[in-house]
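Input: a single structure, listed below in structure tokens.
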Number of protein chains: 2
Amino acid sequence: MSDEKSPPRKRRGAGRVTLLAVARAAGVSAITVSRYFNQPESVSPERRERIAEVVAELGYVPNLVAGGLASARGRIVAMVIPNISGPIFADTIQGFSDTLTRHGYQLLLASSYFSSEQEESAVRAFLGWSPAALVLTSHFHSPATEKMLAEADIPLVETWDYRPERAPIQIGFSHHEVGVIATRHLHGKGYRKIAFVQNSAAGDFSALERRDGYIETLKELGGEPQVFAPETDLAPFEAGKQAMLALMASEQRPEAIIFANDNLAAGALLAGQRAGFRIPEDCAVMGFGDYPFAAMLMPGLTTVKPPALQMGVLAATRVLQKLGVIEGEADHLNLLECQVIGRESA
Amino acid sequence: MSDEKSPPRKRRGAGRVTLLAVARAAGVSAITVSRYFNQPESVSPERRERIAEVVAELGYVPNLVAGGLASARGRIVAMVIPNISGPIFADTIQGFSDTLTRHGYQLLLASSYFSSEQEESAVRAFLGWSPAALVLTSHFHSPATEKMLAEADIPLVETWDYRPERAPIQIGFSHHEVGVIATRHLHGKGYRKIAFVQNSAAGDFSALERRDGYIETLKELGGEPQVFAPETDLAPFEAGKQAMLALMASEQRPEAIIFANDNLAAGALLAGQRAGFRIPEDCAVMGFGDYPFAAMLMPGLTTVKPPALQMGVLAATRVLQKLGVIEGEADHLNLLECQVIGRESA
DNA sequence: TTGTAAGCGTTATCAC
DNA sequence: GTGATAACGCTTACAA
């Protein structure tokens with residue numbers, strides 16, 4: 001900490017301990033120190049030890065920016081996700097980030113809020129950092145984004161979607177299958193008159209796939225599908241209420257209802273109970289998402305849990321495999337499974 | 001897309017469109033293009049227009065790594081947060097990320113899981129990217145981390161905490177005040193016998209500050225504090241149950257209970273109702289956190305909402321002010337307020 | 001307003 | 001196993 005003769009003030013990165021400083025102090029050349037960090041086995045044990053000492057002593061922190069420039073491959077992976085704080089994607093980010101970090105890579109993150117313009121601008125900004133790989137959510141990108149991706153020539157992963165025909169690595173699950181297993185679960189519990197409530201958010205196409213899985217399966221099982229569509233763009237919680245009360249008042253009163261997501265189901269659960277219906281005796285309720293509140297409701301909400309965390313971990317794993325950081329072939333197609341979380345509501 | 005005479009293969013960043021390429025195509029020097037991006041007003045309108053054309057045509061993406069190295073200040077801000085997917089921090093990250101992005105900065109993110117070793121290794125890795133600023137959660141860092149921070153000489157912000165005596169910019173709220181306003185809220189509603197349930201997680205010191213606020217305020221109001229401590233390290237949901245049943249069976253049966261957090265409160269709400277108690281008639285319940293499920297419970301959980309999103313936005317704002325990106329003096333101390341969210345449970 | 005030259009701290013290349 | 005040297009693509013400093 002003593003104030004040594006201050007070196008001639010450099011114009012910019014003044015004061016930073018550099019690789020060269022370490023090299024000099026250790027009596028080796030810069031490239032040897034570089035090798036010490038990147039391919040330790042190619043440095044003799046004695047020098048290795050000496051360098052380690054100096055590094056600790058000087059508190060040297062490798063400048064990854066310089067390294068990235070020199071090698072054109074920074075240890076950064078960028079991810080664009082619709083949102084961070086919603087109930088859906090947080091686990092995916094967490095799994096992705098943790099897996100990456102464990103292998104010495106850093107996460108650059110931005111939200112798109114489902115807007116392809118915002119996605120585009122995030123991708124543009126990210127590419128400036130020459131990330132080692134890029135992870136996007138879903139397959140719908142603006143033409144400009146597609147162009148940048150094509151030119152970037154780095155591993156690309158698309159999560160929360162599954163388009164076998166697309167070139168990027170796909171990591172997703174089948175929404176259709178969600179409809180299937182939810183319907184089978186209810187049928188297995190003895191329910192026969194099963195309805196489905198669509199999402200109130202226009203443009204939620206995945207929810208329609210879940211609905212189709214339901215319709216198909218129920219028909220196979222000899223039932224008669226009954227689909228309710230709430231008013232468009234009603235808040236999901238309200239839409240669930242509306243659907244519940246309408247269905248319970250209808251002539252074709254169902255014994256069980258599958259909701260397009262847990263928000264709808266929660267609204268239904270509460271409104272149903274307020275209206276005096278017992279759940280699941282008068283009507284069973286199922287959701288989708290396994291949002292954090294599902295376990296807190298009374299009765300607990302039976303729902304289908306998407307493999308959110310798993311997708312994040314797998315996305316990172318595939319990226320690291322592509323980069324050769326970890327062993328294994330990075331499969332192009334990665335279809336994960338959802339799981340019925342049985343609680344009291346169905 | 002035609003295969004032009006392939007230029008002599010460069011060793012590394014082969015093929016990337018560079019600033020120089022843009023400059024040549026536009027008939028100006030590299031520095032002018034650089035200025036076009038960084039201080040557009042110092043470039044004449046005609047050249048500006050010409051450069052814009054070329055940039056679009058060539059699909060030039062500025063290499064931020066090179067820029068970062070040259071200027072020793074990348075437009076990256078790093079944040080270490082205990083976790084991403086828990087109920088607490090997601091809003092803070094979201095607010096932080098969005099505010100940053102809006103001003104052209106990118107977010108580098110990692111989780112510490114409340115471990116100072118993990119925080120240390122994240123900080124070490126981040127510093128290698130010479131971020132423009134660093135944001136940490138809480139004030140407790142390992143000595144090595146403190147040393148790195150001291151030497152890094154970049155703006156540092158600590159969120160979710162508030163230690164006026166510390167040098168970094170502090171952004172937090174008063175846990176003590178949470179205890180105060182919760183107690184006042186219940187007192188205002190007419191409850192007199194008010195109990196407090198501590199967190200089951202050992203080491204949650206903030207929760208103890210909330211408790212002290214409660215004790216102090218209740219005494220001021222003429223009440224007699226009654227603190228219940230669940231078994232240590234019981235899952236919060238279970239701990240809430242245990243506390244509820246124990247308190248309702250005790251001689252000093254309370255009219256209202258403040259729980260150290262919403263998880264405890266939710267456990268209590270459900271267990272209480274299962275045991276036949278009406279809430280809030282037999283006993284009112286309050287939590288802390290305003291976790292996503294709070295609104296979904298029946299009755300809705302009255303709770304104290306911390307300014308999570310706001311803290312993220314403010315952290316980013318202070319950082320940007322420090323960096324001179326946006327106007328305004330960056331205050332050292334930033335105490336935000338919590339808010340009682342009144343629902344049915346109290 | 002514009003340009004020239006030098007350098008940011010590292011790694012690739014090639015030689016020893 | 002080790003080193004000298006030249007990039008990597010940009011921005012600072014200074015000059016015109």
Side-chain angles (χ1 to χ4, degrees), chain A residues 7-51 55 58-76 127-130 132, chain B residues 7-51 55 58 60-76 127-132:
Chain A
R9 248 286 190 72
K10 286 298 167 73
R11 301 181 314 171
R12 350 194 192 200
R16 180 164 200 153
V17 177
T18 71
L19 193 67
L20 193 61
V22 174
R24 279 207 261 264
V28 298
S29 74
I31 191 67
T32 300
V33 180
S34 173
R35 287 191 183 112
Y36 164 78
F37 282 104
N38 300 314
Q39 326 157 29
E41 67 283 357
S42 76
V43 176
S44 69
E46 306 90 55
R47 304 204 179 205
R48 217 142 61 189
E49 205 169 321
R50 176 76 190 114
I51 293 172
V55 165
L58 268 52
Y60 170 67
V61 178
N63 184 334
L64 302 175
V65 179
L69 178 58
S71 69
R73 53 163 178 72
R75 299 200 155 193
I76 271 190
L127 286 179
W129 285 102
S130 22
Chain B
R9 247 290 192 71
K10 287 299 172 68
R11 302 183 310 176
R12 351 198 194 195
R16 180 163 200 154
V17 177
T18 68
L19 193 69
L20 193 60
V22 174
R24 279 207 263 262
V28 299
S29 73
I31 190 67
T32 301
V33 181
S34 172
R35 289 194 183 111
Y36 164 78
F37 281 105
N38 300 315
Q39 326 158 29
E41 68 284 357
S42 74
V43 176
S44 71
E46 308 91 53
R47 307 208 179 204
R48 217 143 60 187
E49 205 169 321
R50 177 75 189 117
I51 292 171
V55 165
L58 267 50
Y60 170 67
V61 178
N63 185 333
L64 303 175
V65 179
L69 178 59
S71 67
R73 50 160 182 74
R75 299 200 157 193
I76 272 190
L127 286 180
W129 286 101
S130 19

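Reminder, nothing fancy here: chain letters follow the sequence lines and each chain counts from 1. What's counted below: heavy atoms across the whole structure, side chains too, no hydrogens, waters or symmetry copies.
At a cut-off of 3.5 angstrom, counting only N and O atoms as typed in the model, there is a donor on one side and an acceptor on the other between the side-chain of A/Arg35 and the base of D/dG3.
When the C1' atom of D/dT11 is taken as reference, atom CZ of B/Arg75 falls 13 Å away, rounded to whole Å. To the nearest angstrom, P of D/dG3 lies 14 Å from CZ of A/Arg24. Between B/Tyr36 atom OH and D/dG9 atom P the separation is 21 Å, expressed in whole Å. As rounded to whole Å, 12 Å separates atom C1' of C/dT11 from atom CG of A/Asn63. Between the CD1 atom of A/Ile31 and the C1' atom of C/dT10 there is a distance of 8 Å, rounded to whole Å. Taking atom CZ of A/Arg16 as the reference point, atom C1' of C/dT10 lies 11 Å away to the nearest angstrom. Counting to the nearest Å, the C1' atom of C/dT10 and the CD1 atom of A/Ile51 are 15 Å from each other. Between B/Leu20 atom CG and C/dT4 atom P the separation is 11 Å, expressed in whole Å.
Of the candidate nucleotides C/dG9, D/dT11, D/dT2, C/dG9 has the atom nearest to the side chain of B/Leu69. Checking D/dC10, C/dT11, C/dG3 against the side-chain heavy atoms of B/Thr32 singles out C/dG3 as nearest. Set against D/dT11, C/dT1, C/dT10, the side chain of B/Asn38 has D/dT11 as its closest nucleotide. The nucleotide whose nearest atom lies closest to any side-chain atom of A/Val28 is, among D/dG3, C/dG9, C/dT11, D/dG3. Of the candidate nucleotides D/dG3, D/dC10, C/dT11, C/dT11 has the atom lying nearest to any side-chain atom of A/Ser34. Closest to the side chain of B/Ser29, from the set D/dG3, C/dT4, D/dC10, is C/dT4.
In this structure, A/Glu49 CD and A/Tyr36 OH are separated by 10.0 Å, a value rounded to the nearest 0.5 Å. Put simply, CG on B/Leu20 and OG on B/Ser34 are 12.0 Å apart, with the number rounded to the nearest 0.5 Å. Note that CD1 of A/Ile51 and OH of A/Tyr60 are 11.0 Å apart. Values are rounded to the nearest 0.5 Å. Note that CG of A/Leu64 and CZ of A/Arg75 are 8.5 Å apart. Values are rounded to the nearest 0.5 Å. Taking CZ of B/Arg48 as the reference point, atom CZ of B/Arg35 lies at 13.5 Å (rounded to 0.5 Å).
For A/Ser44, a side-chain nitrogen or oxygen approaches OP1 or OP2 of D/dT2 to under 4.0 Å. Contact check, A/Arg47 against D/dT2: a side-chain N or O comes under 4.0 Å of OP1 or OP2.
At a threshold of 4.0 angstrom between heavy atoms, the contacts of A/Val43 are confined to the sugar-phosphate backbone, with no base atom among them. At a threshold of 4.0 angstrom between heavy atoms, the contacts of A/Tyr60 are confined to the sugar-phosphate backbone, with no base atom among them. B/Glu41 comes within 4.0 angstrom of the backbone, heavy atoms only, and of no base.
Residue-to-nucleotide proximity on DNA chain D shows that, of B/Val65 and B/Gln39, the 5′-proximal contact is made by B/Val65.
Within the 4.5 Å cutoff, no side-chain heavy atoms of A/Pro62 are placed close to those of A/Leu19.
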